[in-house]
Amino acid sequence: MTIQQAIKPKKTEFVNNNLSNIPWEERPIGCKDVVWRYSNNPVIPRDLIPSSNSIFNSAVVPYENGFAGVFRADTIERNMRLHRGFSKDGINFELYDEPIKFICDEPEIARFVEGYDPRVCWLEDRYYITWCNRYHGPTIGVGYTYDFEKFYQLENAFLPFNRNGVLFPRKINGKYMMLSRPSDNGHTPFGDIFCSQSPDMIHWGRHRHVMAPKKDKLTWECTKIGPGPVPIETSYGWLLIYHGVLTSCNGFVYSMGAAILDIDNPWKVLYRCKTYILNPRTIYECVGDVSNVVFPCATLYNADTKRIAIYYGCADTVTGLAFCYIDELIEYIISNSQL
Ligand code: BMA
């Protein structure tokens, strides 16, 4: 099977319908924050599987009667690998110790096995996975699964160097669309978000600039920004949760921010919240392999209850959960917007 054949849609019996029991905890009494943390964080400890040094920056989606995910686990040799896992409640996870092995008929693509910072997007009939894939430097790997058992790998979306590939959950104007953050081969002291289009998930072009860091003064997002979870479609536009980075005298500080993008032209930013919505404050966000990092990679959204659960990496070590109400978050973004 060639990569081109592999993307032909197949019938799937798996339905992405379980949003009723997303993890949830009400805002603590006295807390006024628009986003609040799960009281029992972290939900995924660093050593959940025998091979892991750390499990963070990971993606969870509804699957069958519970949840499934693709998880970034760095090994005790400090290799970066993607693992699959399942959960009944979105809080207690079982991960496979064996890393995901993508089925790929292109040896030139298949021979690179390093992967990190996955996002998972239900799109049309399958779960697409995008991740930071090493190919002569970081770039965006693209693959898919129907069942979280077999995983298929497509072509890399872009030339190196690029990180944080995030798909929109439906075609827009007949095209697949992906946000990403062109980078360098190291720890990248810069970075804007771009939006690219594709007719077939293989060929990506029509690149449009979305947002730059706010460099004019020292803000929480003055060094670089990158898209986080798959955007959520709302009547105001696409709700984008993203990360923004400040360079302090102690190094990078990664916070979580939010913006609303135009529904048909998602490179147009309608609202952009000038404050962060979550920043590193707890011990598990401030102390770890890389201190002072909150890095959102997935949300679960229940449109009936208007609840959002956000999965985010904490200090490049463990995985945390945070919560918000979508209406409150949108109101917060709009009333604190500064483009
Ligand atoms: C970024 C990525 C993330 C990581 C973050 C903080 O460049 O590599 O995986 O969480 O740095 O170290």
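Bear in mind that the values here come from a model prediction, so they are computed numbers and not experimental data. Atoms within each ligand, like the ligands themselves, are counted from 1 in listed order.
A salt bridge is defined here as a Lys NZ or Arg NE, NH1 or NH2 lying under 4.0 Å from an Asp or Glu carboxylate O, and R281 with D33 fails to meet this definition.
With rounding to the nearest 0.5 Å, the separation of CZ in F168 from CD in Q197 is 10.0 Å.
Residue contact annotation: H187 has no non-hydrogen atom under 4.0 Å from ligand 1.
In terms of protein heavy atoms, atom 12 (O) of ligand 1 is closest to D316 OD2, 2.6 Å.
Atom CD of E94 sits in a sparse spot, with 12 or fewer heavy atoms from other residues, nucleotides or ligands closer than 6.0 Å.
For residues 72-97, the pairs satisfying ring pair (Phe, Tyr, Trp, His ring centres under 6.0 Å) are F71-F93, with sequence neighbours left out.
In this view, N41 and R37, Y38, V43, Y284, Y312, L321 satisfy the side chain to side chain contact (heavy atoms under 4.5 Å, CB included) rule, not counting sequence neighbours.
With a heavy-atom cut-off of 4.0 Å, F252 does not touch ligand 1 at all. With a heavy-atom cut-off of 4.0 Å, N57 touches ligand 1 through its side chain alone.
The closest heavy-atom contact to atom 1 (C) of ligand 1, among the options Y116, F56, Y254, Y312, comes from Y254.
In terms of polar-atom proximity, defined here as any N/O pair under 3.5 Å, D117 does make such a contact with ligand 1.
Interface atoms of ligand 1 facing R72, defined by a heavy-atom separation under 4.0 Å, are 9 (O).
Taking the side chain as every heavy atom from C-beta outward, D316 and F295 never approach each other to under 4.5 Å.
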